[in-house]
2 protein chains.
Amino acid sequence: MGIHERKEREKEQRREDILDAAQRVFFESGLATSTMDDIAESAELSKGTLYLYYKSKEDLYLTVMMRGMQLLYDAFSEVANSACAPAEMLSRLSGAYLHYFNLHRDYFRMMHYWQAPQFHKQVSEEVKLSCSVLNQRIWDLVNGMLQRCVDGEILRKDLKPAEVGLILWSSATALMMRIDSEEGIWREAFQLNLHDVLNLSNDLLFEAICTEKGRLELKALSNS
Amino acid sequence: MGIHERKEREKEQRREDILDAAQRVFFESGLATSTMDDIAESAELSKGTLYLYYKSKEDLYLTVMMRGMQLLYDAFSEVANSACAPAEMLSRLSGAYLHYFNLHRDYFRMMHYWQAPQFHKQVSEEVKLSCSVLNQRIWDLVNGMLQRCVDGEILRKDLKPAEVGLILWSSATALMMRIDSEEGIWREAFQLNLHDVLNLSNDLLFEAICTEKGRLELKALSNS
DNA sequence: TGAATTAAATGACTGATGGTCATTAATTAC
DNA sequence: GTAATTAATGACCATCAGTCATTTAATTCA
């Protein structure tokens, strides 16, 4: 009796269709100015139906955001699974995040909301938990890679992998946020190209956290 | 004819009273769950009156936030005006930001909203402009100090002051955001004290952006 | 096949809340 | 003391997230 299974599939499909519609609307208008009626119209469903699949607008927003987190996970995963030396892996990891930012700016932007609970009003515990779990998986993946860099004597042994990851991630993300919302201002007021600043910031930090061996290998990679 | 002036003063006072009330409510509940009725009640005024002084809830929120920006400006200003050597000034500047974060966490938190326009819905152009101007003044102040560090051969000559400022600011702020909302998670999941990570991140960056002279003077300061 | 049952979808409705405006109250001017 | 001006009010409006009684469609089973 495959009817039950077919129905499950259809339900899952509907969930995805709604998410597609929500994504279109949120990408277009942001959280504040998107309405559930807009999303319903875009999905060609009634508003009530949206609520059969998602508990609140904020849950829907964060569920779209999780697609973005999953893409980031996949990108990092590919780096982690590529059989390459630690130094190259570190370089690729950093490159993957930059690539993600340029390619998936909309998802990147949504992640701020997750980071700032003071703007949450109707986020369900389930969705909060799902986000946390996915977030944690990304960090575990990154920390694993960084641990391999420590073991391979690319990163200084006196630094914990999580510590290094957090430092690199923080400075890069904060600069990306600026690029996203204030790139023009910084170019005009201070003659600064924020993409260059981001590269510089990365270079400085790598310089500071790598072993001598790591510095040499990274330099060799960037010259090749 | 002092009546007109007295009225101006009273109006200004009322504006401040409303802002005090808004601050109490926003600090207590955040933007999303605070209501204009709450603020009106806290101010012992009718809701209509609030709108004689502020155009929208979001304007009110950002005006409270600007108090926080002004406090930061004042703190930085004090550092800039203290007659001390560039190295000590740099050290104090960094310390002032950390002190600000610990002392004025509520204001610090509000600043995320300003940084993320995708969550704006009713922010007026006037208030946006005021925020930008104040923001710019802070950056001018910081850049002036950093320029003095370059001139005093504390900071590397090949780095633009604005570049250095942005890099230091970005990494510190992103870590502070984590401390504010996820301190417990990082302590439990990764045995990381985020305050230590923040210090480490600062040390690494200072190491990378200072001249040899600067490194020595900063080390001397931290030992004294 | 068709009546009975279950499941899915609907959209009119409710409640909350940001924002408005005609009216009232208070102050000032003459 | 009265007219004119200014400030404050709160009932009201509009929007929109979220609900639920009803309808529609699909499935079961006699």
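Throughout, protein chains are lettered first and strands after them, A, B, ... in sequence-line order, and every chain is numbered starting at 1.
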For this session: List the protein contact pattern of nucleotides 14-26 of chain C with one symbol per nucleotide (5' to 3'): B for base contact, S for sugar-phosphate-only contact, - for none; contact means a heavy-atom distance under 4.0 Å.
Result: ---SBBB------
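- A/R14 places its CZ atom 17 Å from the P atom of C/dA7, with the value rounded to the nearest Å.
- Note on B/Y53: only backbone sugar-phosphate atoms sit closer than 4.0 angstrom, heavy atoms only; bases stay farther off.
- As a whole-Å value, the separation of A/L50 CG from C/dA8 C1' is 14 Å.
- Rounded to an integer number of Å, the gap from CD of B/E44 to P of D/dT9 is 11 Å.
- In terms of phosphate contacts, A/K7 brings no side-chain nitrogen or oxygen within less than 4.0 Å of OP1 or OP2 of C/dA7.
- For the pair B/R14 and B/Y53, the cation does not sit on the ring face, since its NZ or CZ is not both under 6.0 Å from the ring centre and inside 45° of the axis.
- Taking the ring axis of A/F101 as reference, the NZ or CZ atom of A/R105 stays within 45° of it and closer than 6.0 Å to the ring centre.
- If you take NZ of B/K11 and C1' of D/dT6, they are 8 Å apart, rounded to a whole angstrom.
- Side-chain contact check for B/Q118 and A/Y113: no donor-acceptor pair (N or O, by modelled atom type) lies under 3.5 Å.
- Between the CD atom of A/E8 and the C1' atom of C/dA8 there is a distance of 13 Å, rounded to whole Å.
- Straight-line distance from the CD atom of A/E41 to the P atom of D/dA17: 14 Å, rounded to whole Å.
- Using a 4.5 Å heavy-atom threshold, the side chains of A/D20 and A/R67 count as touching.
- Ring geometry for A/Y97 versus A/Y100: interplanar angle under 30°, hence parallel rather than tilted (30 to 60°).
- For the pair B/Q13 CD and D/dA8 P, the interatomic distance rounds to 12 Å; values are reported in whole Å.
- Using a 30° and 60° split on the angle between ring planes, A/F26 and A/Y61 fall in the perpendicular class, above 60°.
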